[in-house]
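Everything on this sheet refers to the single structure shown next.
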Amino acid sequence: MTKVLNYLWRFWLLLLAFVFTILFGIPVYILSFNKKHYKYAYKFIRCWSYCIFFGMGLRYELTKLSTQKLDKNQQYVFISNHTSIMDIMLMCILCADHPICFVGKKELVKIPIFGTIYKRICVMVDRKSARSRADVYRRCAEKMEEGNSIVIFPEGGVPDDTSIILDEFKDGAFTLSSKHNSPIVIFTFIGLKEIFPFDSSKGYPGKAKVYFNGILAPSDSPKELKLSAFETIKKALLKHYN
């Protein structure tokens with residue numbers, strides 16, 4: 001019975017995604033033709049995120065572990081651990097004052113309707129192509145010059161092995177921060193891994209915990225930034241799971 005309810009819950013996600021992608025996707029698509037209008041498109045993106053996240057019966061509790069404040073006029077590189085598709089919606093909800101663009105997999109373009117909108121508002125990367133990976137920095141820089149911030153999940157995707165608490169970080173977010181002198185904002189997401197994993201035998205509505213870990217100043221050493229960010233997120237995760 002539990003498995004049946006779980007599948008019904010996931011079917012509800014598909015229904016919500018279809019309805020709200022059509023409803024909010026049209027204005028986002030139209031506004032995306034003018035780069036100056038992305039801040040307005042982002043309002044619809046956040047509405048879409050609210051409808052999907054809360055429509056699935058999910059909630060979150062934000063705890064600030066740092067007294068640092070975000071500057072509304074500053075562009076940032078936002079990062080967090082990545083364990084669920086719901087991380088995307090949650091990040092949009094959290095970033096109210098900073099229109100964000102995601103660096104995401106090129107394969108998502110294949111999703112009907114969503115893919116058409118996705119390729120206009122995100123920085124796509126073909127992880128199998130060295131040229132595509134290298135070009136990400138230029139395209140992210142363009143987005144930031146337009147007044148947008150960037151979201152990168154440094155693990156590079158949701159680990160296939162759900163027992164992994166935190167996977168190895170890729171260099172992208174930290175190289176981008178160093179190259180373009182952009183601070184890194186760190187969040188830790190806890191609970192979504194258990195609430196909405198890709199393993200369809202599990203999953204249920206519930207509350208996720210979100211920790212604002214603080215802001216890392218840009219550095220000439222991407223490796224040091226990566227190590228500091230990894231240890232910060234890992235510490236929060238181990239405190240919860242141990």
Side-chain angles (χ1 to χ4, degrees), residues 13-56 72-80 82 84-158 170 172-173 175-177 179-180 182 185 187:
L13 170 62
L14 295 177
L15 183 60
L16 284 178
F18 177 78
V19 171
F20 290 117
T21 299
I22 294 293
L23 180 63
F24 296 117
I26 293 174
V28 169
Y29 184 77
I30 293 172
L31 289 166
S32 68
F33 281 92
N34 189 325
K35 296 177 181 179
K36 294 180 181 179
H37 292 163
Y38 182 74
K39 60 183 178 180
Y40 304 115
Y42 184 62
K43 294 181 183 297
F44 289 102
I45 294 171
R46 293 192 72 237
C47 287
W48 175 84
S49 299
Y50 268 95
C51 290
I52 301 294
F53 190 85
F54 291 106
M56 286 301 294
K72 291 183 179 181
N73 299 313
Q74 170 73 54
Q75 283 72 54
Y76 295 96
V77 178
F78 290 89
I79 68 167
S80 77
H82 194 20
S84 168
I85 190 175
M86 291 296 168
D87 297 339
I88 297 169
M89 294 75 169
L90 183 53
M91 190 66 85
C92 288
I93 292 170
L94 292 169
C95 300
D97 299 318
H98 296 83
I100 55 176
C101 294
F102 287 86
V103 174
K105 296 183 292 185
K106 186 178 180 181
E107 292 83 351
L108 296 180
V109 173
K110 299 177 183 179
I111 300 176
I113 303 175
F114 174 84
T116 302
I117 303 166
Y118 170 80
K119 66 182 180 182
R120 293 201 60 84
I121 63 175
C122 295
V123 175
M124 297 176 294
V125 57
D126 182 354
R127 301 191 189 279
K128 298 178 181 178
S129 168
R131 179 179 295 181
S132 177
R133 295 197 303 270
D135 196 41
V136 164
Y137 302 116
R138 178 188 62 80
R139 287 178 285 158
C140 284
E142 290 177 351
K143 294 289 186 183
M144 299 181 87
E145 287 171 4
E146 294 164 11
N148 305 314
S149 292
I150 301 295
V151 173
I152 301 179
F153 296 112
E155 290 172 276
V158 177
K170 307 294 189 298
T175 302
L176 179 65
S177 171
K179 279 189 173 184
H180 300 288
S182 302
V185 179
F187 286 105

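Hydrogens, waters and symmetry mates are skipped; everything else that's a heavy atom, side chains included, is used. What you see is a predicted model, and the numbers here were worked out from it, not measured in a lab.
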How far apart are the closest heavy atoms of [X] and [Y], and which atoms are they?
X: Val151; Y: Ile100; answer: CG2-CD1, 3.6 Å
X: Val103; Y: Cys140; answer: CG2-SG, 3.6 Å
X: Ala41; Y: Val28; answer: O-CG2, 3.6 Å
X: Gly25; Y: Ile117; answer: CA-CD1, 3.4 Å
X: Gln75; Y: Asn148; answer: CG-O, 3.1 Å
X: Lys36; Y: Asn34; answer: N-OD1, 2.9 Å

Determine yes or no for a side-chain-to-main-chain donor-acceptor pair under 3.5 angstrom, with [X] supplying the side chain and [Y] the backbone.
X: Ser49; Y: Ile45; result: yes
X: Ser182; Y: Tyr76; result: no
X: Lys170; Y: Glu155; result: yes

Take atom [atom1] in [X]; do more than 12 heavy atoms of anything else shown fall under 6.0 Å from it?
X: Tyr40; atom1: OH; answer: no
X: Arg138; atom1: CZ; answer: yes
X: Phe54; atom1: CZ; answer: yes

Less than 4.5 Å apart, any side-chain heavy atom of [X] and any of [Y]?
X: Ile111; Y: Tyr118; value: no
X: Phe53; Y: Cys92; value: no
X: Phe78; Y: Leu94; value: no
X: Phe44; Y: Leu31; value: yes

Nearest 0.5 Å please: distance from the [atom1] atom of [X] over to the [atom2] atom of [Y].
X: Lys143; Y: Leu176; atom1: NZ; atom2: CG; result: 13.5 Å
X: Arg139; Y: Ile150; atom1: CZ; atom2: CD1; result: 10.5 Å
X: Ile121; Y: Tyr38; atom1: CD1; atom2: OH; result: 5.0 Å
X: Met124; Y: Lys105; atom1: CE; atom2: NZ; result: 14.0 Å
X: Tyr42; Y: Cys47; atom1: OH; atom2: SG; result: 11.0 Å
X: Met91; Y: Ser149; atom1: CE; atom2: OG; result: 11.0 Å

Inset, instruction - Anything under 30° is parallel, anything over 60° is perpendicular, the rest tilted; go ahead and classify Phe33 against Tyr29. - result: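 Perpendicular, since the angle between the ring planes exceeds 60°.
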
Inset, instruction - For Met86 and Leu13, run side chain to side chain contact (heavy atoms under 4.5 Å, CB included): C-alpha distance rounded to whole Å, both residues' side-chain angles, the deciding distance at 0.1 Å, then the answer. - result: CA-CA 11 Å; Met86 291 296 168; Leu13 170 62; 3.7 Å; yes

